[in-house]
Amino acid sequence: MQLKLIYFDMPFWRAEIARLCLFISDIEFEDFRITSEDNSYLKENGMLSDGTLIPFRQLPVLVIEGESIAQTGAISRICGKIAGMYPTDIIEAGKVDQVIDTVTDINVLINPSMRESDPELKKRMRDDLRSDALPKYFGYLERILKENDSGWFVGDEMTVADIAVWSLLGWIAQGVLDGIPHDLSKPFERLTSLYNAMGRMPKVQEWKRLTYAYDESSTGEYNYHVPDSI
Ligand SMILES: N[C@@H](CCC(=O)N[C@@H](CS)C(=O)NCC(=O)O)C(=O)O
């Protein structure tokens with residue numbers, strides 16, 4: 001099966017769900033990372049310069065057997081099924097979906113503060129995220145982990161839901177979001193255990209070694225130095 005995952009050259013959770021689940025399961029795929037020229041072209045034309053369709057002019061896009069599929073959730077389900085990290089049972093599948101959709105919601109909550117240029121407003125947004133919105137969502141996720149009680153969000157094995165949360169927590173754990181402490185999720189014991197267990201996995205460590213660049217001189221919000229543990 002021909003698989004090509006198109007995203008920016010960064011390990012953001014929206015792409016990492018697909019990349020990491022395929023990598024962990026030894027499934028070959030093309031990890032296509034676009035340049036800023038590619039991005040300008042796709043914004044203008046809704047496709048890459050080789051004609052690859054980018055349906056909503058947003059990334060990630062998975063090209064599977066020549067067909068372009070957009071949307072993080074849809075891509076997660078396809079890659080999860082291929083990698084054996086998405087349940088066949090419809091209820092279990094729904095439990096995976098609800099976690100992925102919640103990671104989307106958390107991402108959408110953080111987004112406005114990423115775009116805010118007024119420092120005062122940005123600080124207020126980050127204060128709210130730190131003291132209210134993020135702990136609230138971490139609590140909801142913690143409770144799901146507690147109820148499932150296997151160390152994973154759904155069933156007894158790792159699914160794409162775990163990868164989504166691991167990658168989101170890794171974004172925060174870098175400490176690159178001004179006003180959000182890197183260890184904000186630490187009081188949530190089960191979330192922290194999940195994060196640390198994944199950080200110890202040899203395949204995860206190998207993936208990070210191969211693809212996570214860290215530039216000490218850069219202070220950008222996308223400068224990934226994802227710690228193995230919180
Ligand atoms: N609904 C989309 C959202 C994807 C999205 O927001 N992608 C961002 C990068 S993380 C993007 O392409 N931003 C550029 C833009 O929206 O113009 C999904 O679930 O994948």
Side-chain angles (χ1 to χ4, degrees), residues 3-22 29-64 67-83 85-86 93-117 122 125-126 129 133-134 137 141 153 159-174 176-178 180 207 211-213 218 220-224 226:
L3 296 168
K4 177 175 179 174
L5 197 276
I6 304 168
Y7 195 68
F8 305 94
D9 186 15
M10 61 178 75
F12 200 54
W13 76 273
R14 289 185 182 282
E16 288 302 280
I17 303 185
R19 291 173 179 151
L20 191 52
C21 86
L22 295 173
F29 70 103
E30 186 183 348
D31 185 5
F32 189 81
R33 295 171 184 240
I34 65 162
T35 61
S36 50
E37 294 84 65
D38 293 331
N39 193 32
S40 309
Y41 189 92
L42 86 81
K43 284 278 155 225
E44 203 160 313
N45 301 289
M47 62 175 80
L48 299 183
S49 55
D50 67 0
T52 303
L53 181 68
I54 308 294
F56 305 108
R57 302 188 185 203
Q58 286 187 320
L59 297 174
V61 162
L62 177 73
V63 185
I64 173 166
E67 298 273 357
S68 290
I69 306 287
Q71 300 290 5
T72 308
I75 294 169
S76 304
R77 283 184 279 281
I78 293 176
C79 293
K81 284 172 191 168
I82 295 169
M85 285 194 210
Y86 186 82
K95 289 182 177 181
V96 168
D97 290 349
Q98 70 172 356
V99 171
I100 292 174
D101 289 350
T102 298
V103 173
T104 297
D105 289 350
I106 295 170
N107 189 167
V108 167
L109 275 175
I110 295 173
N111 277 346
S113 71
M114 305 278 295
R115 288 190 292 264
E116 184 52 64
S117 53
K122 181 166 179 152
M125 288 170 157
R126 291 284 162 91
L129 286 166
L134 291 176
Y137 273 100
L141 291 170
F153 275 104
T159 65
V160 281
D162 302 297
I163 298 179
V165 173
W166 172 80
S167 192
L168 177 92
L169 293 179
W171 181 28
I172 293 167
Q174 296 166 72
V176 290
L177 293 170
D178 291 341
I180 310 286
W207 178 247
T211 65
Y212 287 23
S218 166
E221 296 209 336
Y222 287 116
N223 187 26
Y224 272 77
V226 180

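Note that ligands are numbered from 1 as they come in the structure, with each ligand's atoms numbered from 1 the same way. Numbers for residues simply follow the sequence, beginning at 1.
- In terms of polar-atom proximity, Tyr7 is not counted as a contact of ligand 1, lacking any N or O under 3.5 Å from an N or O of the ligand.
- Partners of Asp9 under the salt bridge (Lys or Arg N to Asp or Glu O under 4.0 Å) rule, at least two apart in sequence or in another chain, are Arg33.
- No N or O atom of Arg57 sits closer than 3.5 Å to an N or O atom of ligand 1.
- Partners of Arg19 according to the side-chain hydrogen bond (donor to acceptor under 3.5 Å, both in side chains) rule, which considers only residues two or more places apart in sequence or in another chain, are Glu16, Asp31.
- No N or O atom of Phe12 sits closer than 3.5 Å to an N or O atom of ligand 1.
- With a 4.0 Å cut-off on non-hydrogen atoms, Phe8 touches ligand 1 through its side chain and not its backbone.
- Using modelled atom types and a 3.5 Å distance limit, the side chains of Asp105 and Thr102 yield no donor-acceptor pair.
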Check step by step if side chain to side chain contact (heavy atoms under 4.5 Å, CB included) holds for Trp13 and Val103. CA-CA 9 Å; Trp13 76 273; Val103 173; 3.5 Å; yes

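- Counting atoms of ligand 1 from 1 in the listed order, those under 4.0 Å from a heavy atom of Pro60 are 20 (O).
- Among Gln58, Met10, Lys43, the residue whose heavy atom lies closest to atom 6 (O) of ligand 1 is Gln58.
- For Arg57 against Lys43, the heavy-atom pair with the smallest separation is O-NZ, 2.6 Å.
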